[in-house]
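Here the structure is laid out as structure tokens; the discussion comes afterwards.
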Amino acid sequence: MGIISLEKADHLFWLGRYTERVFTTLNTFFTYYDKMLDIEDDVYKKFCEKLAIPMVYKDKEDFIRTYLFSENDPNSVYSNMLRAFDNAVVLRDELSSKTLSYIQMALDCIEHAKDSQALVYDLQPVIDDLFAFWGCLDDNVEDEECRNIIKCGKYLERLDLYMRLDYPYRQIEKEYNKFLNRLHKIRIGYNLSEVDKLSEIINLGEDWKSRYYEAINALWRVF
């Protein structure tokens, strides 16, 4: 196993973060989309508040199209999928063309769904492609350090989103343990004091929410 440069480690880490960001936020969007159609027109505002997304949308129609497909909105699903693709392209040799192809397919799917009248149906393949990407990663990426850095980014992002989106404590604890497992296997520097602080907060159990903002800030200062 060769030494991974800091630049390459950064691409691996953010590939993990951006793929997970698309996966979890798109899944969550589907839930809010149903509520917008059937129950509460402006429920998207709660979605944005939880994810600290600036309220720049005029109404639910503007939110739906802009949040999903805008290249100019840095918080959009499309923008995050494009960032994942940009990181993946420079890692072609590490990932293999087959693994990279699932990122390309997910990006293409979002682009093709822009004019869709059945958004949930036409965007579901994005979720499937990301599942396939992660499975292909385990099968085709021989370098364990590469896999660990990607998954470290993936689980850090998932933990951050689960905390913001009020997931049950048991799921937050589970993802935190996955994150720690990968963190202890990588050979890049991280802030041990912030990890210890985060462990202290997570170990509070259901009471972790009393230190919510401290936990979110600690996550962002781990690296």
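These numbers were taken from a predicted model, which means no experiment stands behind them.
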Evaluate the criterion side-chain contact (heavy atoms from CB on, under 4.5 Å) for residue pair Arg83 and Ser79; output intermediate values, then yes/no.
CA-CA 6 Å; Arg83 293 187 197 108; Ser79 290; 4.1 Å; yes
I'd like to know whether Val56 forms a side-chain contact (heavy atoms from CB on, under 4.5 Å) with Asn75, so could you lay out the CA-CA distance, the side-chain angles of the two residues, the decisive distance to 0.1 Å, and finally the verdict.
CA-CA 11 Å; Val56 297; Asn75 295 295; over 6 Å; no
Could you check Asp108 against Met105 for side-chain contact (heavy atoms from CB on, under 4.5 Å), going step by step and ending with a plain yes or no?
CA-CA 5 Å; Asp108 290 347; Met105 289 165 64; 5.5 Å; no
Candidate pair Thr24 and Leu165, rule side-chain contact (heavy atoms from CB on, under 4.5 Å), full reasoning:
CA-CA 10 Å; Thr24 294; Leu165 293 167; 4.2 Å; yes
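Not a single donor-acceptor pair under 3.5 Å links the side chain of Asp41 to the backbone N or O of Leu37. Between the side chain of Tyr32 and the backbone N or O of Val43 there is no donor-acceptor pair closer than 3.5 Å. Under the 3.5 Å distance criterion, the side-chain polar atoms of Asp10 are left unmatched by any main-chain donor or acceptor of Leu6. The main-chain N or O of Tyr67 is never found under 3.5 Å from a side-chain atom of Ser70 such that the two would form a donor-acceptor pair. In this structure a side-chain-to-backbone donor-acceptor pair under 3.5 Å is missing from Arg92 to Ser97. With Arg187 contributing its side chain and Glu145 its backbone, the two residues share no donor-acceptor pair below 3.5 Å.
The two atoms that bring Asn140 and Ser96 nearest to each other are CB-OG, 3.7 Å, heavy atoms only. Contact between Ala88 and Leu100 at its shortest, heavy atoms only, is CB-CD1, 3.4 Å. Of all heavy-atom pairs spanning Met55 and Tyr44, the tightest one is SD-CE1, 3.8 Å. Contact between Leu119 and Arg65 at its shortest, heavy atoms only, is CD2-NH1, 3.8 Å. Closest heavy-atom contact between Pro74 and Asn80: O-ND2, 4.1 Å.
Figure legend: Lys114 and Tyr78 shown as a cation-pi pair, the cationic atom lying under 6.0 angstrom from the six-membered ring centre and within 45 degrees of its axis.
Applying the side-chain hydrogen bond (donor to acceptor under 3.5 Å, both in side chains) rule to Glu157 yields the partners Arg17, Arg21; only residues at least two apart in sequence or on another chain are considered. Applying the ring-ring contact (aromatic ring centres under 6.0 Å, His included) criterion to Tyr167, with sequence neighbours excluded, gives Tyr162. Remark: Phe30 engages no residue in a ring-ring contact (aromatic ring centres under 6.0 Å, His included) (not counting sequence neighbours). Residues meeting the side-chain hydrogen bond (donor to acceptor under 3.5 Å, both in side chains) test with Gln171, sequence neighbours left out: none. The side-chain hydrogen bond (donor to acceptor under 3.5 Å, both in side chains) check on Tyr18 picks up nothing, with sequence neighbours excluded.
Residue pairs satisfying the salt bridge (Lys or Arg N to Asp or Glu O under 4.0 Å) criterion with at least one member in residues 201-223, sequence neighbours excluded, are listed as follows: Glu194-Arg221, Glu200-Arg211, Arg211-Glu214.
The hydrophobic clustering, which links ILVMFWY residues whose side-chain heavy atoms are closer than 4.5 Å, places Tyr190 and Leu159 together.
To the nearest 0.5 angstrom, Asn217 atom CG is 9.0 Å from Ile201 atom CD1. To the nearest 0.5 Å, atom OG of residue Ser199 and atom CD1 of residue Ile202 are 8.0 Å apart. How far NZ of Lys60 is from CE of Met36: 7.5 Å, rounded to the nearest 0.5 Å. Separating the CG atom in Asp143 from the CD1 atom in Ile4 is a distance of 4.5 Å, to the nearest 0.5 Å. We find the CE-CG distance between Met81 and Asp86 to be 10.0 Å, quoted to the nearest 0.5 Å. Distance check, rounded to the nearest 0.5 Å: OH of Tyr176 to CG of Asn181 gives 12.0 Å.
Within 6.0 Å of the CG atom in Asp115, the count of heavy atoms belonging to other residues, nucleotides or ligands does not exceed 12. Other residues, nucleotides and ligands contribute at most 12 non-hydrogen atoms within 6.0 Å of the NZ atom of Lys174. Residue Lys185 qualifies as enclosed at atom NZ: its count of foreign heavy atoms under 6.0 Å is above 12.
The closest side-chain heavy-atom distance from Asp129 to Ile103 is not below 4.5 Å. Looking at heavy atoms from C-beta onward, Cys48 lies in side-chain contact with Phe63 at the 4.5 angstrom threshold. Counting only heavy atoms from C-beta outward, the side chains of Glu144 and Asn148 approach each other to under 4.5 Å. The closest side-chain heavy-atom distance from Lys154 to Arg182 is not below 4.5 Å. No side-chain heavy atom of Lys98 sits less than 4.5 Å from a side-chain heavy atom of Asp139. Considering only heavy atoms from C-beta on, Arg164 comes within 4.5 Å of Ile216 through its side chain.
With ring centers used as reference points, Phe131 lies 6.0 Å or more from Tyr102.
A salt bridge does not link Asp93 with Lys8: none of the charged nitrogens is closer than 4.0 Å to a carboxylate oxygen. A salt bridge is defined here as a Lys NZ or Arg NE, NH1 or NH2 lying under 4.0 Å from an Asp or Glu carboxylate O, and Lys46 with Glu49 fails to meet this definition.
Inspection of the Asp73 and Tyr57 side chains reveals an N or O donor paired with an N or O acceptor under 3.5 Å.
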